[in-house]
Chemist: 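Before I ask anything, let me first share the structure, which is written out below as structure tokens.
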Amino acid sequence: MDPETSAHADRAGDEEEPLFSNLDLFLFSLIVGLVVYWFMSRKKPEPIPEFKKLDTPAPTTRETSFIEKMKKTGKNIIVFYGSQTGTGEEFANRLAKDAQRYGMKGMAADPEEYTMGELSRLSEIENSLAIFCMATYGEGDPTDNAQDFYDWLQENDDEDLSGLNFTVFALGNKTYEHYNAMGKYVDKRLEELGAKRIFDLGLGDDDGNLEEDFISWREQFWPAVCEHFGVEASGDESSIRQYELKVHTDLNMNKVFTGEIGRLKSFEVQKPPFDSKNPFLAPVSVNRRLNKAGDRHLMHLELDITGSKIRYESGDHVAVFPTNDSSLVNKLGEILGVDLDVVISLNNLDEESNKKHPFPCPTTYRTALTHYLDITNPPRTNVLYELAQYASDPKEQENMRKMASSSPEGKSLYQSWVLDSCRNILAILEDMPSLRPPVDHLCELLPRLQARYYSIASSSKVHPNSIHICAVVVEYTTKTGRLNKGVATNWLKNKLVNGHKSTVPMFIRKSQFRLPFKASNPVIMVGPGTGIAPFMGFVQERGWLKQQGKEVGETVMFFGCRHRNEDYLYQEELEEAEKNGVLTQLNVAFSRDQEHKVYVQHLLKKNKEHLWKLIHSDNAHIYICGDARNMAKDVQAAFYEIAEEVGGMTRPQATDYVKKLMTKGRYSQDVWS
């Protein structure tokens, strides 16, 4: 023991010990002080601030009951449209407008915006009628906006539509396998559910003359409606405006649309998810010419989708929103003598309508004619009819009215002077010097400029952050000697990499054109010209699967072009894929490199034994992409012949065999006309 400690202990033993030593008191005080400090310094809970309740107006809920809307507005005719490119919607608007001339009141309606289960309630409205303008998209599919309605029709077997009067006008194209499938289905299904057809199904063929088909049907349809409901036509053939013009003189330019499809400023502040109403502005990262020579311009573009959260699969379509050529827009402004930079709104005269404006407003005439309106397609007869009143020359006015009529002479004149001569609205104004309509009425009548769809030429497994497009620039001289240029392809051609405004508003449309679920299934791809696009994605994906160690079945390609040294698209990539065994067989038809023409269908026949083995024994999937009018039909006929010659079938058996392949999803087409 330490001596000092020992002495202290002895001394303490002689005295009476106190209850607490100084040390105890010091330690006790220290502990109490620390406890008090801890309590005092603890973070106090923050008081919850009282927010003053803001007097914000309740969000306006869109009316989803078309019955209530019709009752409220005194309408008795509703025209539903299934539309992918805007024509179905245009026809629906024309029919709704027609109703007024027959002493009735009509409204056009997007089935996506309303509760279609209410069709059974239409009988609550006297003399009511539902008209369906239904387009078919792709391989017999409904359009995007009619998909839910189609599902509802399929799923509701006990629906009683006995109080519903209806008629259907179908929009399709005869070059496609499933011609007008959607319109035919709606017509048949409504009858099955008890609805009463008051006029025959109309079939519009876009491969022929869709406008003429519609006019001929409509000409017989309205008298049938009048007879059915016991009403007489009012005889009022005058022009009926749907929108009124408002010119803005002191509007803040931040509130003016400059080309956005949906939300104002959506191109400045991009917010996912991206779709047809909210496209993504994708920078162009590659834009190169594919053909080595020749008059045409075939191009390969790559759109950068980094950070967009956009997902796609091989076989999907990319939609782009193009803009019209500024020189055409300027010429229209000059010929009509208007200041294109005036800020305007066109407001619907029917305040109850869901469609407040024909295009995003407020905007300028320049923006409307550049971004929102179709100024390059030949105008339909209803546009000519409405504009005729503005022709000061009686002869020109008479011709315009004649072309808009249903007389054989009028139809023939419209066919030759407008359609066959490819006259757009500018050409018509140039060739009819007395026709000078007010620009606001012209903007009301012109259809919307539509998105253009391209088969994606890449695989997201290999290119997750870019989408590839393969396209040919459209340019041709018309019978009147004018040079007409395709809107989208010329616009894309001029998208310079890293250049000013080198972005493309785009979104993805899902497709049924898919590689087999089992990679071990063989695939046979037939895609001449730009029809090769989706197969570039397929080849990339099969190569990627091979790298992952998956068992990949035979991958056979049939490609066709004019000349080996001119337009053999993606030659290096295809030959590399063949060398690496990704393409087990590459067959190329050069149609004009020899005296007799050689096309892909000839090469199919040449390989008939091998193809029949792949199809009949090995469960191969067949894919066709490209021209619907000739190529797709000739290729299908070649497969019939292979089934006959190698499979020993009769032609009816061969036809049935291919049809069954289609039903099973083993014969897929991505074609256009």
Chemist: Report yes if the distance between the aromatic ring centroids of Phe80 and Phe66 is under 6.0 Å, otherwise no.
Modeler: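 Yes - the distance between ring centres of Phe80 and Phe66 falls below the 6.0 Å cut-off.
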
Chemist: Decide side chain to side chain contact (heavy atoms under 4.5 Å, CB included) for Met506 and Phe321; before the verdict, give the C-alpha distance in whole Å, the side-chain angles of both, and the deciding distance to 0.1 Å.
Modeler: CA-CA 6 Å; Met506 52 72 68; Phe321 285 99; over 6 Å; no

Chemist: Is the backbone of Leu201 close enough, under 3.5 Å, to the side chain of Asp187 for a donor and an acceptor to pair up by distance?
Modeler: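 Pair absent, no side-chain N/O of Asp187 close to backbone of Leu201.
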
Chemist: So does Lys69 pair up with Glu352, basic N to acidic O under 4.0 Å?
Modeler: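 Looking at Glu352 together with Lys69, the answer is no, because their closest N to O distance does not fall below 4.0 Å.
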
Chemist: Could you check whether atom NZ of Lys331 has more than 12 heavy atoms from other residues, nucleotides or ligands sitting under 6.0 Å from it?
Modeler: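 Counting neighbours around NZ of Lys331, 12 or fewer heavy atoms of other residues, nucleotides or ligands fall under 6.0 Å, so no.
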
Chemist: Can a salt bridge be assigned to the pair Asp341 and Arg366 using a cut-off of 4.0 Å between side-chain N and carboxylate O?
Modeler: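 Answer for the salt bridge query: yes.
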
Chemist: Hey, is Glu430 close enough to Arg423 for a salt bridge, meaning N to O under 4.0 Å?
Modeler: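 Judged by the 4.0 Å cut-off on N to carboxylate O distance, Glu430 and Arg423 do not form a salt bridge.
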
Chemist: Does Arg380 come within less than 4.0 Å of Asp374, counting only side-chain N to carboxylate O?
Modeler: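 Answer for the salt bridge query: no.
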
Chemist: Report, as yes or no, whether the 6.0 Å neighbourhood of atom CD on Gln512 holds more than 12 heavy atoms from other residues, nucleotides or ligands.
Modeler: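 12 or below, so no.
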
Chemist: For the pair Glu118 and Arg121, find out whether any cationic side-chain nitrogen is under 4.0 Å from an anionic carboxylate oxygen.
Modeler: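 A salt bridge is present here (some side-chain N lies under 4.0 Å from a carboxylate O).
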
Chemist: For atom NZ of Lys510, is the number of surrounding heavy atoms from other residues, nucleotides or ligands below 6.0 Å larger than 12?
Modeler: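 Buried by this count: over 12 neighbours within 6.0 Å.
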
Chemist: If we check side chain to side chain contact (heavy atoms under 4.5 Å, CB included) with Val473, which of these qualifies: Asn490, Asn494, Leu492?
Modeler: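 The option that passes is Asn490.
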
Chemist: Hey, which of Arg241, Arg94, Lys97 is the one that makes salt bridge (Lys or Arg N to Asp or Glu O under 4.0 Å) with Glu386?
Modeler: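 Result: among Arg241, Arg94, Lys97, Lys97 is the only option passing the salt bridge (Lys or Arg N to Asp or Glu O under 4.0 Å) with Glu386.
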
Chemist: Thr370 side chain to Asn324 main-chain N or O, any donor-acceptor pair under 3.5 Å?
Modeler: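 No, because the side chain of Thr370 does not come within donor-acceptor range (under 3.5 Å) of the backbone of Asn324.
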
Chemist: Does a salt bridge link Lys72 with Glu68, judged by any charged N lying under 4.0 Å from a carboxylate O?
Modeler: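 No, this pair does not count.
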
Chemist: Decide if the gap between the ring center of Phe199 and the ring center of His228 is smaller than 6.0 angstrom.
Modeler: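 No, they do not, as the ring centres are separated by 6.0 Å or more.
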
